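Written out below as structure tokens is the structure these notes cover.
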Amino acid sequence: MDISYILNDLNDAQREAVTLDERHALILAGAGSGKTRVLVHRIAWLTEVLGQSAYNILAVTFTNKASNEMRGRIENLIGHKAQGLTMGTFHGIAYRLLRQHYQEAKLPQNFQILDADDQKRVLKRLLKSLELDENQWPVRQVQSFINSEKEEGRRPHHIDPGHNPFVIKMVQIYAAYEEQCQRSGLVDFAELLLRAHELWLKNPLVLAHYQARFRHILVDEFQDTNTLQYAWLRVLAGGSGKLFVVGDDDQSIYGWRGAKIENIRRFDEDFADVKLVRLEQNYRSTGTILKAANALIAHNAERMGKELWSAGEEGSPIKIYEAFNDLDEASYVCNQIEAWCEQGGARKEVAVLYRSNAQSRLMEQALLQAQIPYRVYGGLRFYDRAEIKDVLAYLRLLTNRDDDAAFERAFNHPPRGIGQKSADAIREVARDQQISMWAAARLLVEKGFSARAKTSVQGFLELIDELAQMREGRDLQDQVMQVIARSGLQAHFEKDRSEQGESRLENLDELINAVSQFKPKPQETVPGLDTEEQAEQQVFGLPEQTDLLGEFLAQAALEAGEQQADAWESCVQLMTLHAAKGLEFPLVFMVGVEEGLFPSQQAVDEGGRLEEERRLAYVGITRAEQQLIITYANRRRLHGNEFYPLPSRFIREIPAECVELVRMSGQVRPTSEAPVLNTSVQAALAAQRPADYQIGHRVRHEKFGEGIVLNMEGAGDHARVNVFFEQAGAKWLVMAYAKLERC
Ligand code: ATP
Ligand code: MG
């Protein structure tokens, strides 16, 4: 059999990893060394050479985008043999598992996923009903307490609060929240995993089934698994499943969300006979970028230690742009993107990465003004937008009337005259009688409400029932269109003639679009299973004929916005550094690289978190293939306040020989305000500057006449200067050719 197509594009170490026999393996390697590629080829090796059915393989990725990409790459390699492969994120896989075994998991069949935002609303309401002051019990804190307990696998009864009144109360809230979710058929993200884990522990038959099925479990980005995910993997692998995990301890960036870097460190202790393979060649970035990344991450003490080298070109220096303020920074980024495109680059090759979502707004404004198409990836995601969530709330109620989070959102939006008093009455009855808000509203309509309140609430209940009936015989797109129109949401947004109203209507159209293209995930079961597998299937039953609307809603919650990826083809991509993990782009900007922002103030204050911030910087730098541009501003407005930040320590940790300082454009500042760069960087940067000129100097050019120096960059033969000529406007000139004279 010719298997060269699996092995051809691999180096020796990668080949060693791909061709291991059936055993546990840890592939530990730095960024861009082909870990993800190895994982894909390993799956091909398992099916093509080791004779495994794709049905017996489970591959876990960190994002849905990664999962879709990986599926495509595997199909390219092994074609139809990829059918039956189970692939997805931990959450996505847990969701599918719970759907299939909802009874054993003690969930209603039509359970819905509660995203972080909805979770907050549910908690807010819960705190109110428990008569707890939000100032003393901030929702965020409660939310993070509950989520992190769940991520550690702990239910309220597992927690021993001792005599600590704070923890005692938190546990009570946690318990009340659990009850409420169970009643409403709601499952939050952490619950998906915990339920799936408990499903296995409490149902040995179900577990045995999946243990027998998933003989090979492959995990990408293993360094970011949390306690529960790791436990989940260990239980599933049981005695016989083989784990093939790839990761990079230097890229562990989700500690703040419960990820445990120790998982990768203790992997070979927890599993017997683990083969460790290191990959050391980087294929992604230029030598300069790699050198910068290596030097930066060397400042971390807690590392497993890896060497990375590249056979590629040294490439151009990393540009560091010191902006006058955040506006100047954004406009510099736009100029550079334009220059990239003028030189034949594509917009989709460009990524702008930032530490916090709040930074995207200004960048977006500048891109809009410069008419550069862009997409924000993972920011305020499509399915997180208010108007989309409004429609989804109605849709959720259609499939599950007890979904209180959806009820809260929909019942008086658009306004239908349900007053505050009626709303409170509904909440109170729901709480007192431990029933859903829907059921409470029903009760109150039958007896309790005044005539006026009754009419408006009844109107809402009838509307939902009617819409539910209307679904019959209509396709999904039609159902959604009906909901948008008959709920009154469309008319409500039409009334709003502002730009925002318009963009909301456009988003509703986009939703209809998304629905029309929606295809549920391929079923895990495939025709043509061998008999053993069929027998197992019969024991546990084939998946229910799933409701398309239910599937759509689940996907909306799990995959927020990712199916729009095709439309991003010609756009610059904006995303947080966290969202950029695993991705690569020819041109990368890291913006706002300032003390207080990156590393974040919180990380600096809390201590112990600085190393994780540095790993995040390492992730950012190693996304770049050809050119990396780092920017910082001397003045920034954020969250309504003005800051005068210093450049980030991470900039100082990049060796001077890798960088080129670009001076800010147009603005001349006294040197006393100059940012504190370390002396070696300063010296190196000073050496690069075209020595004879300074910003503000008057110069004369043979053809363009007199002008003022605005900006300078580069060194030696590459030194360039930006001059504003009175007659010819601003021009960038190469010093070696420009023959400028001081005047
Ligand atoms: P990260 O740590 O960022 O997730 P990674 O280790 O998963 O990175 P990949 O994304 O698999 O790395 O690979 C990085 C780039 O190098 C990709 O463009 C990939 O196609 C390319 N690459 C990997 N191995 C080879 C190889 N042997 N020959 C040529 N290109 C390769
Ligand atoms: Mg990868």
Side-chain angles (χ1 to χ4, degrees), residues 4-19 25-45 59-74 76-77 87 89 218-225 244-254 259 261 264 277-287 289-290 292-294 296-297 303-304 306-313 315 348-349 351 353 575-588 590 615-626 628:
S4 54
Y5 66 97
I6 304 180
L7 300 178
N8 271 355
D9 299 330
L10 301 175
N11 64 31
D12 288 350
Q14 291 173 332
R15 216 171 276 159
E16 184 194 353
V18 166
T19 60
L26 166 64
I27 316 305
L28 179 68
S33 57
K35 293 183 296 299
T36 303
R37 176 183 279 219
V38 161
L39 206 124
V40 167
H41 287 241
R42 172 69 176 171
I43 292 173
W45 185 262
V60 188
T61 57
F62 203 76
T63 63
N64 293 291
K65 184 173 157 66
S67 159
N68 293 337
E69 268 174 31
M70 204 181 272
R71 187 176 282 280
R73 282 159 74 180
I74 292 167
N76 269 346
L77 272 180
M87 180 169 249
T89 60
L218 298 92
V219 188
D220 198 6
E221 308 277 3
F222 182 66
Q223 74 279 358
D224 276 324
T225 48
F244 187 97
V245 306
V246 311
D248 177 2
D249 58 314
D250 288 333
Q251 292 187 69
S252 171
I253 53 176
Y254 282 93
I261 197 169
I264 199 166
V277 180
R278 290 172 186 271
L279 312 176
E280 296 184 333
Q281 182 171 359
N282 171 293
Y283 289 91
R284 180 179 293 148
S285 311
T286 63
I289 292 169
L290 207 57
N294 280 339
L296 172 107
I297 200 68
R303 299 182 63 210
M304 294 174 81
K306 282 184 279 16
E307 281 304 316
L308 258 190
W309 59 277
S310 162
E313 289 176 9
K348 68 171 180 189
E349 294 170 339
L353 311 181
M575 64 189 89
T576 61
L577 287 149
H578 280 98
K581 197 165 68 139
L583 306 180
E584 56 191 19
F585 307 90
L587 171 60
V588 168
M590 282 166 70
R615 291 194 290 269
L616 192 56
Y618 174 78
V619 167
I621 294 173
T622 54
R623 297 311 96 198
E625 294 173 21
Q626 296 165 22
L628 173 65

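It should be emphasised that the depicted structure is a prediction, and the values quoted were computed from it without experimental measurement. Start at 1 and go down the list; that is how both ligands and their atoms are numbered.
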Any donor-acceptor N or O pair under 3.5 Å, side chains Asn294, Tyr618: no
Location of contacts on Thr36 toward ligand 1, heavy atoms closer than 4.0 Å: both
Any side-chain heavy-atom pair of Phe222 and Phe244 under 4.5 Å: no
Min heavy-atom dist Thr622 to ligand 1 below 4.0 Å: no
Top protein contact for atom 16 (O) of ligand 1, by heavy-atom distance: Tyr283 CB, 3.2 Å
Residue portion contacting ligand 1 (non-hydrogen atoms closer than 4.0 Å) for Asp248: neither
For atom 27 (N) of ligand 1, the protein heavy atom that lies nearest, with its residue and separation: Gln14 OE1, 2.8 Å
Heavy-atom check, side chain of Asp220 versus side chain of Met70, under 4.5 Å: yes
contact_flag Arg623 ligand 1 heavy-atom lt 4.0 Å: yes
Contact check: Gly34 vs ligand 1, nitrogen or oxygen atoms, below 3.5 angstrom: yes
Donor-acceptor pair, side chain of Lys35 and main chain of Gly30, under 3.5 angstrom: yes
Close side-chain approach of Phe585 to Glu625, heavy-atom, < 4.5 Å: no
For Asn11, atoms of ligand 1 separated by under 4.0 Å from a heavy atom: 27 (N)
Nearest heavy-atom neighbours spanning Gly620 and Leu577: CA-CD2, 3.6 Å
Pairing of Lys581 and Asp224 as salt bridge, 4.0 angstrom limit: yes
Nitrogen or oxygen of Arg73 less than 3.5 angstrom from that of ligand 1: no
Ser33 touching ligand 1 at heavy-atom level, < 4.0 angstrom: yes
Option whose closest heavy atom lies nearest to atom 17 (C) of ligand 1, chosen from Glu584, Arg284, Arg37: Glu584
Contact check, side chains of Leu28 and Val277, non-hydrogen atoms, under 4.5 Å: no
Lys581 contact mode with ligand 1 (heavy-atom cut-off under 4.0 Å): neither
Protein heavy atom at shortest distance from atom 4 (O) of ligand 1: Gly582 CA, 3.7 Å
Shortest protein contact, atom 5 (P) of ligand 1 (heavy atom only): Lys35 N, 3.5 Å
Side chain proximity check, Ile27 to Leu279, heavy atoms < 4.5 angstrom: yes
Closest approach of Ile261 to Asp249 (non-hydrogen atoms, all atoms of both residues): CD1-O, 3.4 Å
Within reach of ligand 1, part of Gln251 (heavy-atom separation under 4.0 Å): side chain
Check: Glu221/Gln223 side-chain N/O donor and acceptor closer than 3.5 Å: yes
Gly32, any N or O under 3.5 Å of ligand 1 N or O: yes
Atoms of ligand 1, numbered as shown, that sit under 4.0 Å from any heavy atom of Asp9: 26 (C), 27 (N), 28 (N)
